[in-house]
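Because the structure is predicted, anything quoted here is derived from the model rather than measured.
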Amino acid sequence: MTFSQEVWQNNLALYEATLNLPFNQQLANGTLDKEAFCHYVIQDAHYLLAYGKALAICSAKAYDSDAVIFFAKATETAIVVERLLHNGFMQEFGISKQDFENTPLTLACHHYTSYLQATAWSESYPVVLASLLPCYWIYAQVGKDIFDKSVPNNPYQAWIDTYAGEEFQQAVAQVLTIIDKVADTCDELTLQKMHEAYTTSAKLEWLFWDSAFEKRQWLGLDKLT
């Protein structure tokens, strides 16, 4: 069994819980509350910038030139998508530049981005790869499921199409190829850390969507500052 097959099987229940979150189910049937979606888009823009920085570090740590190139390009893609959110979805849903700039990272977004960047700086290349994988893989799988279930004239169809698209699916397949090749060279301790990193990020994926649906902030701490 490859690393990717094993880590997916080990975290299958977590993936199914993520897929069944109200945010994702209501996104598919077009009934998701607009405020929840806007909350998500703003936090996702914050997230993508941090994710791009982690990808850049991953590129610098990569073992071979093909992986260096792939993750360098992925860094650019993350930033480009972050900018498209400003010029596309934010404008479409009435989110101004000021709204975005005045909205801080939520607890979930702060936790996830801090974890990714800390891992990127402090851990070995295989562990960094594992921490970055859920954002690729879980998004791709959830995107395909939502795409298949999406209702006609879904107000969120453009967003759904982004993650169900062939280009994104191909990128995920390439990441899986890279991580399985790397995992084949790792010792047991490194493999254990890779599994732990993947599971942590997968839990944070769940938390990110759940937080968006509930429109969670910092549990009232903003009132103290």
request  = Would you check, one step at a time, whether the test side chain to side chain contact (heavy atoms under 4.5 Å, CB included) holds for F168 with V172?
outcome  = CA-CA 6 Å; F168 186 66; V172 173; 4.1 Å; yes

ask   = Going through the checks in order, is the side-chain hydrogen bond (donor to acceptor under 3.5 Å, both in side chains) test met by Q192 and E196?
value = CA-CA 6 Å; Q192 180 182 340; E196 291 171 354; 3.2 Å; yes

request  = Give the C-alpha distance, both sets of side-chain angles, the deciding distance and a yes or no for side-chain hydrogen bond (donor to acceptor under 3.5 Å, both in side chains) between Q157 and S150.
outcome  = CA-CA 8 Å; Q157 192 62 48; S150 184; 2.5 Å; yes

query = Given the rule in the ring pair (Phe, Tyr, Trp, His ring centres under 6.0 Å) test, do H111 and F208 qualify, once you have shown the distances and angles that lead to the verdict?
reply = CA-CA 9 Å; H111 187 173; F208 196 92; over 10 Å; no

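A donor-acceptor contact under 3.5 angstrom links the side chains of Y112 and E205, judged on distance only. Side-chain contact of D145 with Q141: a donor-acceptor pair under 3.5 Å is absent, judged by distance alone.
More than 12 heavy atoms of other residues, nucleotides or ligands lie within 6.0 Å of CD in Q5, so this atom counts as buried by the packing criterion. When the shell of 6.0 Å around NZ of K181 is examined, it contains 12 or fewer heavy atoms from other residues, nucleotides or ligands. Counting heavy atoms of neighbouring residues, nucleotides and ligands inside a 6.0 Å radius, atom CG of N153 does not exceed 12 of them.
Looking only at distances, no side-chain donor or acceptor of D180 sits under 3.5 Å from a matching main-chain atom of T2. At distances below 3.5 Å, not a single donor-acceptor pair connects side-chain atoms of N20 with backbone N or O atoms of Q25. In this structure a side-chain-to-backbone donor-acceptor pair under 3.5 Å is present from N154 to A28. Of the possible donor and acceptor atoms, one in the side chain of D99 sits under 3.5 Å from a partner among the backbone N and O of S96. At distances below 3.5 Å, not a single donor-acceptor pair connects side-chain atoms of T31 with backbone N or O atoms of L27. Judged by distance alone, the side chain of S59 and the main-chain N or O of V68 form a donor-acceptor pair under 3.5 Å. Of the possible donor and acceptor atoms, none in the side chain of N11 sits under 3.5 Å from a partner among the backbone N and O of L14. Under the 3.5 Å distance criterion, the side-chain polar atoms of T113 are matched with a main-chain donor or acceptor of C109. Under a 3.5 Å cut-off, the side chain of T75 and the backbone N or O of A56 do form a donor-acceptor pair. Here the side chain of S114 pairs a donor or acceptor atom with the backbone of H110 at under 3.5 angstrom.
The nearest pair of heavy atoms linking K61 to A120 is NZ-O, 2.7 Å. Closest approach of S201 to P134, counting heavy atoms only: CB-CG, 3.5 Å. Heavy atoms only, all atoms of each residue included: F213 and P22 are closest at CZ-CB, 3.5 Å. Looking at every heavy atom in both residues, A202 comes nearest to I138 through CB-CD1, 3.8 Å. Closest approach of D210 and R216 over heavy atoms only: OD2-NH1, 2.6 Å. V128 and E123 get closest at one heavy-atom pair: CG2-O, 3.6 Å.
At least one side-chain heavy atom of H39 sits less than 4.5 Å from a side-chain heavy atom of T106.
Hydrophobic clustering places Y63 together with I178 (ILVMFWY residues linked when any side-chain heavy atoms are closer than 4.5 Å, directly or through intermediates). Residues F23 and Y15 share a single hydrophobic cluster, defined by chaining ILVMFWY side chains whose heavy atoms lie under 4.5 Å apart. Residues W8 and L191 fall within the same hydrophobic cluster, defined by Ile, Leu, Val, Met, Phe, Trp and Tyr side chains chained together at heavy-atom separations under 4.5 Å. Using a 4.5 Å cut-off between side-chain heavy atoms of Ile, Leu, Val, Met, Phe, Trp and Tyr, with links allowed through other members, I57 and L132 fall into different hydrophobic clusters. Taking hydrophobic clusters as Ile, Leu, Val, Met, Phe, Trp and Tyr residues chained together by side-chain heavy-atom distances below 4.5 Å, W209 shares a cluster with L12.
Here the CD1-CG distance, from I179 to L133, works out to 5.0 Å after rounding to the nearest 0.5 Å.
Look at K144 and D148 and you find no salt bridge, because none of the NZ, NE, NH1 or NH2 atoms lies under 4.0 Å from a carboxylate O.
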